[in-house]
Amino acid sequence: MRNLTDIQIQAWIKLGAPIPGKSDGDGLTFTLSKGGQASWVLRYRFGGKDRECTIGNYPDMSLAEVRKQAAKLRVQIDTGVDIAVAKRKTKIATRLAKTFIAPAR
């Protein structure tokens, strides 16, 4: 649907008021925290439950980039992958790998 524009997003950030979510369509949502952190969240249903997964932060990921990434993630969801769980597992595996690998001397 593509409801958002970069101009709108920049104006909301400039105002600084928290935004729990402004939809771009198909579950892609822009949020702004009290602390000023602007984030992209993909909201979806999996296994009959509402789920969400943070994709990235604005302006690190532009509107165009996040739309492409959200489309890829929707394909994964449609093929049976709970992307929030997969992301969490990846983070845990990365932390464990860093913890248990001794630095070379």
Side-chain angles (χ1 to χ4, degrees):
M1 280 176 41
R2 300 180 186 248
N3 297 322
L4 302 179
T5 66
D6 280 314
I7 293 170
Q8 286 175 316
I9 293 165
Q10 291 167 9
W12 292 329
I13 292 171
K14 190 174 181 178
L15 285 174
I19 298 172
K22 294 285 187 177
S23 176
D24 188 52
D26 293 327
L28 181 59
T29 307
F30 173 80
T31 64
L32 185 62
S33 72
K34 290 179 186 178
Q37 181 68 46
S39 301
W40 296 110
V41 176
L42 184 61
R43 294 181 175 157
Y44 61 101
R45 289 187 59 81
F46 192 87
K49 296 182 180 180
D50 290 334
R51 309 279 294 147
E52 64 179 42
C53 181
T54 302
I55 300 174
N57 297 322
Y58 183 88
D60 298 339
M61 288 188 81
S62 70
L63 183 54
E65 290 170 327
V66 80
R67 283 175 174 157
K68 289 177 187 174
Q69 183 63 26
K72 291 176 186 177
L73 292 172
R74 282 189 211 96
V75 169
Q76 290 181 26
I77 295 164
D78 290 344
T79 59
V81 176
D82 187 341
I83 59 171
V85 171
K87 182 178 176 181
R88 192 174 323 117
K89 286 181 180 180
T90 301
K91 275 186 170 181
I92 290 169
T94 301
R95 278 192 214 137
L96 287 173
K98 288 180 181 179
T99 302
F100 293 109
I101 297 175
R105 293 183 183 208

Kindly check if the number of other-residue, nucleotide or ligand heavy atoms within 6.0 Å of CG (L15) is above 12?
->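 Enclosed.
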List for me each residue that meets ring-ring contact (aromatic ring centres under 6.0 Å, His included) alongside Y44, sequence neighbours excluded, and say none if there are none.
->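 Once residues adjacent in sequence are excluded, Y44 has no partner under the ring-ring contact (aromatic ring centres under 6.0 Å, His included) criterion.
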Sequence-distant partners of D60, side chain to side chain contact (heavy atoms under 4.5 Å, CB included), two or more places apart |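 Result, side chain to side chain contact (heavy atoms under 4.5 Å, CB included) vs D60: N57.
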Measure the spacing between [atom1] of [X] and [atom2] of [Y] and express it to the nearest 0.5 Å.
X   : Y   : atom1 : atom2 : answer
Q69 : I55 : CD    : CD1   : 6.5 Å
R67 : L28 : CZ    : CG    : 7.5 Å
L4  : L63 : CG    : CG    : 6.5 Å
F30 : D24 : CZ    : CG    : 11.0 Å
I19 : I13 : CD1   : CD1   : 8.0 Å
L42 : K72 : CG    : NZ    : 14.0 Å

Minimum heavy-atom distance N3-Q8, with the two atoms named |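 Where N3 meets Q8 most closely, the heavy atoms are O-OE1, 3.5 Å.
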For A86 and V81, which heavy atoms make the closest approach, and how far apart are they?
->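 The answer is CB-CG1, 4.2 Å.
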Tell me the side chain to side chain donor-acceptor pair (under 3.5 Å) pairs involving residues 85-95, sequence neighbours left out?
->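 Residue pairs passing side chain to side chain donor-acceptor pair (under 3.5 Å), neighbours aside: none found.
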Mind checking what makes salt bridge (charged side-chain N to carboxylate O under 4.0 Å, His left out) contact with [X], not counting sequence neighbours?
X   : value
R51 : D82
R74 : none
R45 : D50

Joint cluster assignment, M61 & V41, ILVMFWY side-chain distance < 4.5 Å |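 No.
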Cluster question for you: counting only ILVMFWY and a side-chain heavy-atom cut-off of under 4.5 Å, with indirect links fine, are V85 and I83 together?
->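 No, it is not one cluster - the side chains of V85 and I83 are not joined through contacts under 4.5 Å.
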Let me see the working for Y58 and E65 under side-chain contact (heavy atoms from CB on, under 4.5 Å), right down to the final yes or no.
-> CA-CA 10 Å; Y58 183 88; E65 290 170 327; over 6 Å; no
Looking only at atom types and distance, does a side-chain atom of T54 sit under 3.5 Å from a main-chain N or O of G56, one as donor and one as acceptor?
->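 Looks like no, no N/O pair under 3.5 Å.
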